[in-house]
Amino acid sequence: MLIIVGLSGCAQTQDAELHAVTGPKNVDYTEVDATADQEGNANDPIEGFNRWMWDVNYDILDPYVARPVSVGYVTYIPSPIRKGISNFLANLDEPSSVINNAIMGNGDKALMHFNRFWINTVFGIGGLIDIASAAEIDKLDNKEFGDALGNHGVGHGAYVMIPAYGPATVRDAANFVDGFYLPLSYLGFVPSFGKWLFEGMESRAALVSQEALLENSPDPYALTRSAYLQRQDYKAEIDSDEETLEDELFLEDFMDEIDAE
């Protein structure tokens, strides 16, 4: 953990200057494209490798593996079964979100995650049915430990494009801490991989209509990098400015599509 904080801290000052944003807030993606190279210099020390890996993910793994598998999953698996799986997997993240929101000082949000967890676990057959939403307890964004670190001033650190996964930063490595909390601590490698796979298929298939966003960009790699860093700042709640729900969902959907690669 000290290594993660130390490496991330090296870029903290530049991160604060270049990415002092909390989310999409009227993001003009044309402008994001135009300024992406300047932003990337402070966070992308291995850009050559990252661009090569981007080509592998975007031009090979996504069109020939991730996209067809994801579209096939949502096409042939009945919706009630998929919904139950999605609800169950999302419920597993609620306890870690309780802790991470508490670390960030979000007492109200932590309580909402806690209530969602016990209500859906007890009355929703282990989380298969989202009873909490029916009871008007809104589902909030999952908070990871890396978000809590960012909220307390830890910078992104180096930006990395991971094979078959997508964008990440050094700070994201701290998210392994969430695996120590119940019930995630009971998941071994295979169940954890299955959770990531099912969630990724749902996100990737649902966002086929947004593929034109990348295809029409003059530099899809730079656009993805800038959007990802902005999204991470938003999740960390670095600035308390409120964002519109429409803009928040737009950027969240965009990054879910990239993560699914």
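Values reported hereafter were calculated over all heavy atoms of this structure, with side chains retained and with hydrogens, waters and symmetry mates removed.
- At distances below 3.5 Å, at least one donor-acceptor pair connects side-chain atoms of Asn175 with backbone N or O atoms of Gly146.
- At a cut-off of 3.5 Å, with distance as the only test, no side-chain donor of Asn142 or His113 sits close to an acceptor on the other residue.
- Rounding to the nearest 0.5 Å gives a distance of 14.0 Å between OG of Ser192 and OH of Tyr186.
- Scanning all heavy atoms of the two residues, the minimum distance from Ser70 to Ala66 falls at OG-O, 2.7 Å.
- Counting non-hydrogen atoms of other residues, nucleotides and ligands closer than 6.0 Å to CZ of Phe117 gives a total above 12.
- Contact check on Asp141 versus Arg231 returns a salt bridge, with a Lys/Arg side-chain nitrogen under 4.0 Å from an Asp/Glu carboxylate oxygen.
- Looking only at side-chain heavy atoms (C-beta outward), Leu184 and Asp93 come within less than 4.5 Å of each other.
- Looking only at distances, a side-chain donor or acceptor of Ser97 sits under 3.5 Å from a matching main-chain atom of Lys143.
- Phe198 has its side chain out of reach of Ser86: every pair of non-hydrogen atoms, C-beta onward, lies at least 4.5 Å apart.
- Transitive grouping of hydrophobic side chains (ILVMFWY, heavy atoms separated by less than 4.5 Å) brings Ile81 and Val69 into a common cluster.
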Between Val160 and Thr169, does a side-chain contact (heavy atoms from CB on, under 4.5 Å) hold up when you go through it step by step? CA-CA 6 Å; Val160 181; Thr169 65; over 6 Å; no
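- Side chains of Thr121 and Asn91: a donor on one and an acceptor on the other come within 3.5 Å.
- Taking hydrophobic clusters as Ile, Leu, Val, Met, Phe, Trp and Tyr residues chained together by side-chain heavy-atom distances below 4.5 Å, Met104 does not share a cluster with Val154.
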One pair to check against salt bridge (Lys or Arg N to Asp or Glu O under 4.0 Å): Arg204 and Glu211. What are the steps and the verdict? CA-CA 10 Å; Arg204 181 63 185 90; Glu211 291 173 348; 2.8 Å; yes
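- Using a 4.5 Å heavy-atom cutoff, the side chains of Leu111 and Asn115 are in contact.
- Smallest separation of non-hydrogen atoms from Ala168 and Ile162: CB-CD1, 3.7 Å.
- Judged purely by distance below 3.5 Å, without hydrogens or angles, the side chains of Asp172 and Gln232 pair a donor atom with an acceptor atom.
- Classification of the Phe176-Phe180 ring pair by plane angle, with boundaries at 30° and 60°, yields perpendicular.
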Hey, mind stepping through Asn57 and Asp62 against side chain to side chain donor-acceptor pair (under 3.5 Å) and telling me if it holds? CA-CA 6 Å; Asn57 287 342; Asp62 181 69; over 6 Å; no
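- Hydrophobic clustering, with ILVMFWY side chains joined whenever heavy atoms are under 4.5 angstrom apart, groups Leu223 together with Trp54.
- No donor-acceptor pair under 3.5 Å is formed between the side chain of Ser203 and the backbone N or O of Gly200.
- Side chains of Asp147 and Asn100 form no contact here, defined as non-hydrogen atoms less than 4.5 Å apart.
- Note: Tyr165 and Trp196 have parallel aromatic rings, judged against thresholds of 30 and 60 degrees for the angle between ring planes.
- Tyr76 and Ile85 fall into different hydrophobic clusters, where Ile, Leu, Val, Met, Phe, Trp and Tyr side chains are chained together by heavy-atom contacts under 4.5 Å.
- A pairwise comparison of heavy atoms in Pro63 and Pro68 identifies O-CD, 3.3 Å as the closest pair.
- Contact record, Leu89 with Lys195: O-CE, 3.5 Å, taken as the closest heavy-atom pair.
- Here the side chains of Tyr221 and Arg225 are in contact, with some heavy-atom distance below 4.5 Å.
- When all heavy atoms of Ala110 and Ala102 are compared, the pair lying nearest together is CB-N, 4.1 Å.
- Around the CG atom of Asp59, the shell of radius 6.0 Å holds more than 12 heavy atoms that belong to other residues, nucleotides or ligands.
- Within the 4.5 Å cutoff, the side chain of Lys235 has no heavy atoms near those of the Gln230 side chain.
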Kindly determine whether Val74 and Arg82 satisfy side-chain contact (heavy atoms from CB on, under 4.5 Å), including the steps that lead there. CA-CA 8 Å; Val74 300; Arg82 288 176 31 233; 3.7 Å; yes
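- Taking all atoms of both residues into account, the shortest heavy-atom contact from Arg116 to Ser133 is NH1-OG, 3.1 Å.
- Between the side chains of Asn106 and Glu237, at least one donor-acceptor pair of N or O atoms lies under 3.5 Å.
- Side-chain contact between Phe49 and Met161: absent, with no pair of heavy atoms (C-beta onward) separated by less than 4.5 Å.
- With rounding to the nearest 0.5 Å, the separation of CD1 in Ile125 from CD1 in Ile131 is 8.0 Å.
- Between the side chains of Asn120 and Asn87, no donor N or O sits under 3.5 Å from an acceptor N or O.
- Side-chain contact between Tyr58 and Thr224 is absent, with no heavy atoms from C-beta onward closer than 4.5 Å.
- A donor-acceptor pair is defined here as one N or O able to donate and one able to accept, closer than 3.5 Å; such a pair exists between the side chain of Asp178 and the backbone of Phe145.
- Considering CZ of Phe88 and CG of Asp130, their distance stands at 14.0 Å, rounded to 0.5 Å.
- Counting heavy atoms of neighbouring residues, nucleotides and ligands inside a 6.0 Å radius, atom CZ of Phe114 does not exceed 12 of them.
- With rounding to the nearest 0.5 Å, the separation of OH in Tyr159 from CD1 in Ile46 is 10.5 Å.
- Taking 4.0 Å as the cut-off between side-chain N and carboxylate O, Asp219 and Arg51 count as a salt-bridged pair.
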